[in-house]
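Each remark here refers to the structure printed beneath this line.
All values derive from a computational prediction rather than experimental measurement.
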Amino acid sequence: RGAIQRIEQELHAHVERLELQAQDAVQTSKVSTLAAIIAALLVAVFVGGLTIRSICRSLKSTVQLVGSLSEGQGDLTQRLPVTGSDELASLADNVNRFIERLQHMVTDVATAAHKTADSSGEVSAAVQETSASIEEVAGTANEFAATVDTMSSNTQRMGALANDTL
């Protein structure tokens, strides 16, 4: 029986040591898990901050460009940088295409305005020429009327002389 008690005591001591080792392992595991969670949270916060910063930078440049266009001071040759394939890149690409179409429309309107100005100059020259021709015709008509008046006066005098002579 002494040997059994001794084995029992040794087993009991061994179980207690195993329990302590298990508790230490659990404690170490808890600390390791907590450290991993904290590290993961720090990485997530860092990556989230970079993502938010990138989004805000893209949106800020888009807002500035659209704002300058809406104030009438926009340079229609400027374009937004298109990087990536996300929604912000799609937005930048669509804004760039809109600005390009707007630039073409403004160019077309300017060309039409120049053509209209040129045509207006030609029409003005034609009107001046027509006006000069009308003045010339009016002068000729006045001369003709004066000639007719003179001929009428001469005819009346000749008629009076002819009556006097007869």
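Annotation: I4, atom CD1; neighbour count of heavy atoms from other residues, nucleotides and ligands within 6.0 Å does not exceed 12. By the neighbour-count criterion of 12 heavy atoms within 6.0 Å, atom CD of E136 is sparsely surrounded, having that number or fewer from other residues, nucleotides or ligands. Other residues, nucleotides and ligands contribute over 12 non-hydrogen atoms within 6.0 Å of the CD atom of E10.
Although no hydrogens or angles enter the test, the distance criterion places a donor-acceptor pair under 3.5 Å between the side chain of T150 and the main chain of A146. At distances below 3.5 Å, not a single donor-acceptor pair connects side-chain atoms of D93 with backbone N or O atoms of A89. Side chain of S120 to main chain of T116: no donor-acceptor pair is present (N/O by atom type, distance under 3.5 Å, no hydrogens or angles). S131 contributes no side-chain N or O that, together with a main-chain N or O of V127, makes up a donor-acceptor pair within less than 3.5 Å. Distance alone, capped at 3.5 Å, places no donor-acceptor pair between the S29 side chain and the A25 backbone.
Side-chain atoms of L50 and S54, non-hydrogen and from C-beta on, never get closer than 4.5 Å to each other. Looking only at side-chain heavy atoms (C-beta outward), H12 and E16 come within less than 4.5 Å of each other. Contact of the H114 side chain with the T111 side chain is not registered, since no non-hydrogen atoms from C-beta on lie closer than 4.5 Å.
One distance of note links CD1 of I38 with OG1 of T33; it measures 11.0 Å at 0.5 Å rounding. From R57, atom CZ reaches atom CG of L88 across 12.0 Å, with rounding to the nearest 0.5 Å. Annotation: the span from E129 atom CD to S133 atom OG amounts to 6.0 Å, rounded to 0.5 Å. The CD atom of E87 sits 9.0 Å away from the CD1 atom of I55 when rounded to the nearest 0.5 Å.
H14 and R17 share a side-chain donor-acceptor pair at under 3.5 Å.
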### Query
Would T155 and M158 satisfy side chain to side chain contact (heavy atoms under 4.5 Å, CB included), going step by step from the backbone distance to the final call?
CA-CA 5 Å; T155 304; M158 285 172 62; 5.7 Å; no

### Task
For side chain to side chain contact (heavy atoms under 4.5 Å, CB included), just list the numbers for I52 and C56, CA-CA rounded to whole Å, side-chain angles, deciding distance to a tenth of an Å, and then say yes or no.
CA-CA 6 Å; I52 289 171; C56 288; 4.0 Å; yes

### Message
side chain to side chain contact (heavy atoms under 4.5 Å, CB included), that's the test. Do L34 and K30 meet it? Break it down for me.
### Response
CA-CA 6 Å; L34 185 60; K30 284 180 183 180; over 6 Å; no

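Under a hydrophobic clustering in which Ile, Leu, Val, Met, Phe, Trp and Tyr are joined whenever their side-chain heavy atoms come within less than 4.5 Å, directly or via other members, I99 and L91 fall into the same cluster. Follow the hydrophobic side-chain contacts under 4.5 Å out from V106 and you reach F98 in the same cluster.
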